Amino acid sequence: MEITETWLRKHRPIYLRATQHPFILSIRDASLPLSSFKRWLGQDYIFVRAFVPFIASLLVKAWKEGDDEANVDIILSGIATLNDEVSWFKREASKWGVSLDGIVPQPANLVYCSFLECLMSAQVDYTQAVTAFWAIEAVYQESFAHCLEDGCKTRDELKETCERWGNDSFGQYCRALQGIANRQLEKASDQVVAKAEALFVRVLELEVEFWNMSVLGS
Ligand SMILES: Cc1ncc(CNC=O)c(N)n1
């Protein structure tokens, strides 16, 4: 079995806390207060801005590793997606009357953004960084896809947000990232795999804290 698949089973409880968080469940049943959605929108914009240099550093690691062109192209497509995403946040924020200037990053956001910064350091190798990247993308894909399933009462005004990450092509992209991570993990040392697993769990914890912040504030 693929290494990431064994982790998804081994860490299923925290994985479910990250991908079926009350923030997500309340989008599904149309009970999420608009104030929570607007808080999430502003905070996630800050996160996405911090995500840009992380993906750039991943591209450099892929190049140094000599990973084949197909994998570099997948990461490159992630940068293109992020470029569209930044514009989407600006449009969505103005639609909701949320100013993106002067938003104060909440503690959970600061912790997550400094985690991204740690992933950029030379101490974190390509295998570990691409594994964390897959986990970060996969949590959003699964979370928002959950809000698009039949029987959901997701409000029309929030459907575009859910489609952004919950759509099938983003799902394909996440599976491609998972493939890169598995191929890298297969040929990695036990130490590298162990640290990659710790980073995988840490991403899930940070995602849970990010959703908690969005629901509860600070
Ligand atoms: C907190 C968080 N985690 C993952 C994502 C998804 N990646 C890029 O958009 C995100 N936007 N925000």
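Just so you know, these numbers use all the heavy atoms, side chains as well, and skip hydrogens, waters and symmetry mates. The structure presented is a predicted model; accordingly, all values stated were derived computationally and were not measured. Indexing begins at 1, ligand by ligand and atom by atom, following the structure's order.
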Aromatic plane relationship, Tyr112 with Phe210 - under 30° parallel, 30 to 60° tilted, over 60° perpendicular: perpendicular
Residue and atom name of the nearest protein heavy atom (relative to atom 6 (C) of ligand 1), distance in Å to one decimal: Glu137 OE1, 3.3 Å
CG/Asp168: more than 12 non-hydrogen atoms of other groups inside 6.0 Å: no
Ile136 neighbourhood, listing ligand 1 atoms whose heavy-atom distance to it stays under 4.0 Å: 3 (N), 4 (C)
Nearest option to atom 9 (O) of ligand 1, as decided by whichever heavy atom of Arg164, Met213, Glu85 sits closest: Glu85
Numbered atoms of ligand 1 (with element) below 4.0 Å of Phe51, judged on heavy atoms: 7 (N), 8 (C)
For atom 3 (N) of ligand 1, closest protein heavy-atom neighbour: Glu207 OE2, 2.6 Å
For atom 10 (C) of ligand 1, closest protein heavy-atom neighbour: Tyr140 CE2, 3.3 Å
Pair Gln20-Glu142, side-chain donor/acceptor within less than 3.5 Å: no
Atoms of ligand 1, numbered as shown, that sit under 4.0 Å from any heavy atom of Tyr112: 1 (C)
Proximity of Asp44 to ligand 1 by residue part, where a heavy atom lies under 4.0 Å: side chain
Pair Glu197 + Lys10, salt bridge at N-O below 4.0 Å: yes
Pair Glu186 + Arg183, salt bridge at N-O below 4.0 Å: no
Side-chain H-bond candidate by donor/acceptor type, Glu207 with Tyr140, under 3.5 Å: no
Which segment of Val139 sits under 4.0 Å of ligand 1 when only heavy atoms are counted: neither
Pair Trp96-Glu157, side-chain donor/acceptor within less than 3.5 Å: no
